[in-house]
Amino acid sequence: MHPSELPASILKWLPVRFNYDDNYFFHKFQCMPKNGYSAMIRAILDHPGITIHLNKSFARAMGEGYDHVFYSGPLDEYFDCELERLGYRTLDFKRFDYDGDYQGCAVMNYGEETVPYTRITEHKHFAPWEEHESSVCYREFSRSAEFGDIPYYPIRQVKEKELLSAYVDLANATRGVTFVGRLGTYRYLDMDVTIREALDTARGFEAKVTDGEEAPAFFVRPV
Ligand SMILES: Cc1cc2nc3c(=O)[nH]c(=O)nc-3n(C[C@H](O)[C@H](O)[C@H](O)COP(=O)(O)OP(=O)(O)OC[C@H]3O[C@@H](n4cnc5c(N)ncnc54)[C@H](O)[C@@H]3O)c2cc1C
């Protein structure tokens with residue numbers, strides 16, 4: 001996208017520093033789950049009350065017969081994109097292996113117009129307490145998401161926000177379903193925020209059930 005098409009507010013996302021702190025975030029505490037996210041999610045899914053159906057796409061009609069649905073898929077797809085598709089950027093990840101240390105840090109961004117990828121991630125640097133001779137790296141190529149691509153980053157420009165408001169109205173008129181997560185609310189969320197919101201949603205839902213009230217379409221407003 002040409003910079004003139006971007007809202008000025010986008011600059012707020014980008015930390016600018018005049019020191020040598022190379023963390024992306026300013027947070028006082030920053031961490032990864034002790035054994036990684038896979039182990040953490042596996043432990044959650046181990047709960048006897050949870051059944052998983054893999055390779056099965058959820059469609060609205062499948063929600064019938066359930067007391068309540070928490071939908072973490074794309075908001076527009078729940079409504080079969082009956083208005084228009086909400087715009088997303090997607091990424092193509094291209095792996096390469098390296099003998100040794102490729103870039104000395106977990107993530108290196110490339111802002112130059114002449115470089116076709118936006119960043120390189122060298123995963124072993126996320127766990128500096130481990131030792132690895134070789135390295136696995138990924139180049140990330142950003143492009144507009146087409147049908148069938150994984151939606152990664154919501155665009156949320158003026159046009160998309162208008163469309164989003166229309167989908168929010170549809171969602172608010174729907175009963176028995178709560179839209180959750182980055183796709184259900186069409187927002188970019190970091191992991192700490194995702195986990196916070198999931199816990200708040202669970203508690204909010206519990207409170208509604210206790211009070212004999214219906215759960216809303218959103219516990220966190222997308223707009
Ligand atoms: C490229 C990228 C890099 C990121 N890097 C970081 C980072 O460095 N640090 C950080 O804190 N956060 C990062 N994030 C953000 C973080 O990963 C996400 O916000 C978080 O995973 C969102 O969790 P979620 O449960 O809302 O959505 P997801 O993890 O996307 O889960 C939604 C799930 O719903 C499934 N689903 C969708 N539709 C259907 C359907 N119809 N039927 C069945 N299943 C369906 C999807 O397959 C998916 O498994 C990054 C995100 C992206 C996209």
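We're numbering straight along the sequence, starting at 1.
- The shortest non-hydrogen separation linking Pro216 to Lys208 is CD-CE, 4.2 Å.
- The heavy-atom pair separating Ala215 from Thr178 by the smallest distance is CB-OG1, 4.1 Å.
- A chain of hydrophobic side-chain contacts below 4.5 Å, direct or via other Ile, Leu, Val, Met, Phe, Trp or Tyr residues, connects Tyr88 to Val223.
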Run the numbers on Leu83 and Asp76 for side chain to side chain contact (heavy atoms under 4.5 Å, CB included), then give the verdict. CA-CA 8 Å; Leu83 303 174; Asp76 55 354; over 6 Å; no

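- Between Pro222 and Val168, the shortest heavy-atom contact is CG-CG2, 3.7 Å.
- Atom OG of residue Ser142 and atom CZ of residue Arg119 lie 10.0 Å apart, to the nearest 0.5 angstrom.
- Distance alone, capped at 3.5 Å, places no donor-acceptor pair between the Arg139 side chain and the Ile120 backbone.
- Counting non-hydrogen atoms of other residues, nucleotides and ligands closer than 6.0 Å to CD of Glu113 gives a total of 12 or fewer.
- Two residues are said to be in side-chain contact when any heavy atoms from C-beta on lie closer than 4.5 Å; Glu197 and Arg187 meet this criterion.
- Across every non-hydrogen atom of Thr210 and Glu206, the tightest pair is OG1-O, 2.7 Å.
- Atom CG of Asn55 is surrounded by 12 or fewer heavy atoms from other residues, nucleotides or ligands within 6.0 Å.
- For CD of Glu130, the number of neighbouring non-hydrogen atoms (other residues, nucleotides, ligands) closer than 6.0 Å is greater than 12.
- Taking CD of Glu214 as the start and NE2 of His68 as the end, the distance is 8.5 Å to the nearest 0.5 Å.
- Residues Leu75 and Leu183 are members of one and the same hydrophobic cluster, defined by side-chain heavy-atom contacts under 4.5 angstrom among Ile, Leu, Val, Met, Phe, Trp and Tyr.
- More than 12 heavy atoms of other residues, nucleotides or ligands shown are found within 6.0 angstrom of CD on Gln103.
- Between the side chain of Tyr186 and the backbone N or O of Ile155, at least one donor-acceptor pair lies under 3.5 Å.
- A heavy-atom distance below 4.5 Å is found between the side chains of Ile195 and Met40.
- Note that CD1 of Ile52 is 8.5 Å distant from CG of Asp46, once rounded to the nearest 0.5 Å.
- A distance of 9.5 Å separates CZ in Arg143 from CZ in Arg89, rounded to the nearest 0.5 Å.
- The backbone N or O of Asp192 sits nowhere less than 3.5 Å from a side-chain atom of Asp190 that would complete a donor-acceptor pair.
- Of the possible polar contacts, none joining the Arg85 side chain to the Glu146 backbone as a donor-acceptor pair under 3.5 Å is found.
- Checking side-chain atoms of Glu160 against main-chain N and O of Gln157 turns up a donor-acceptor pair under 3.5 Å.
- Note: Phe219 CZ to Thr201 OG1 = 6.5 Å, rounded to the nearest 0.5 Å.
- Criterion: ILVMFWY side-chain heavy atoms under 4.5 Å apart, direct or through other members. Under it, Val107 and Tyr98 are not part of a common hydrophobic cluster.
- A 6.0 Å sphere centred on CZ of Arg175 holds no more than 12 heavy atoms belonging to other residues, nucleotides or ligands.
- Cluster membership for Tyr102 and Phe126, using ILVMFWY side-chain heavy atoms within less than 4.5 angstrom, is not shared.
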Check the pair Ser135 / Phe96 against side chain to side chain contact (heavy atoms under 4.5 Å, CB included), numbers first and verdict last. CA-CA 9 Å; Ser135 223; Phe96 66 96; over 6 Å; no

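- By the 6.0 Å contact criterion, NE2 on His47 is open, its count of non-hydrogen atoms from other residues, nucleotides or ligands being 12 or less.
- Hydrophobic cluster membership of Leu91, counting Ile, Leu, Val, Met, Phe, Trp and Tyr whose side-chain heavy atoms lie under 4.5 Å apart directly or via other members: Phe93, Val136, Tyr138, Ile150, Tyr152, Tyr153, Tyr188.
- Between Phe70 and Phe205, the gap from one ring centroid to the other is short of 6.0 Å.
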Derivation of the side chain to side chain contact (heavy atoms under 4.5 Å, CB included) call for Leu199 and Arg196: CA-CA 5 Å; Leu199 291 171; Arg196 170 83 271 153; 4.3 Å; yes

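- Contact between Asn172 and Ala217 at its shortest, heavy atoms only, is OD1-CB, 3.6 Å.
- By the 6.0 Å contact criterion, CG on Asp97 is enclosed, its count of non-hydrogen atoms from other residues, nucleotides or ligands being greater than 12.
- Residues Tyr78 and Val180 do not share a hydrophobic cluster, clusters being chains of Ile/Leu/Val/Met/Phe/Trp/Tyr side chains in contact below 4.5 Å.
- The shortest heavy-atom contact between Glu122 and Cys137 is CG-SG, 3.6 Å.
- Distance alone, capped at 3.5 Å, places no donor-acceptor pair between the Tyr71 side chain and the Phe58 backbone.
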Could you walk me through whether His53 and Met62 pass the side chain to side chain contact (heavy atoms under 4.5 Å, CB included) test, one step at a time? CA-CA 13 Å; His53 301 275; Met62 291 159 71; over 6 Å; no

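- Counting only distance, with no hydrogens or angles, the side chain of Gln30 and the backbone of Phe25 share a donor-acceptor pair below 3.5 Å.
- At most 12 non-hydrogen atoms from other residues, nucleotides or ligands lie less than 6.0 angstrom from OH of Tyr66.
- Here Arg60 contributes atom CZ and Glu77 contributes atom CD; the two are 12.0 Å apart, rounded to the nearest 0.5 Å.
- In terms of the ring-ring contact (aromatic ring centres under 6.0 Å, His included) criterion, residue partners of Phe218 (sequence neighbours excluded) are, by chain and number, Phe179.
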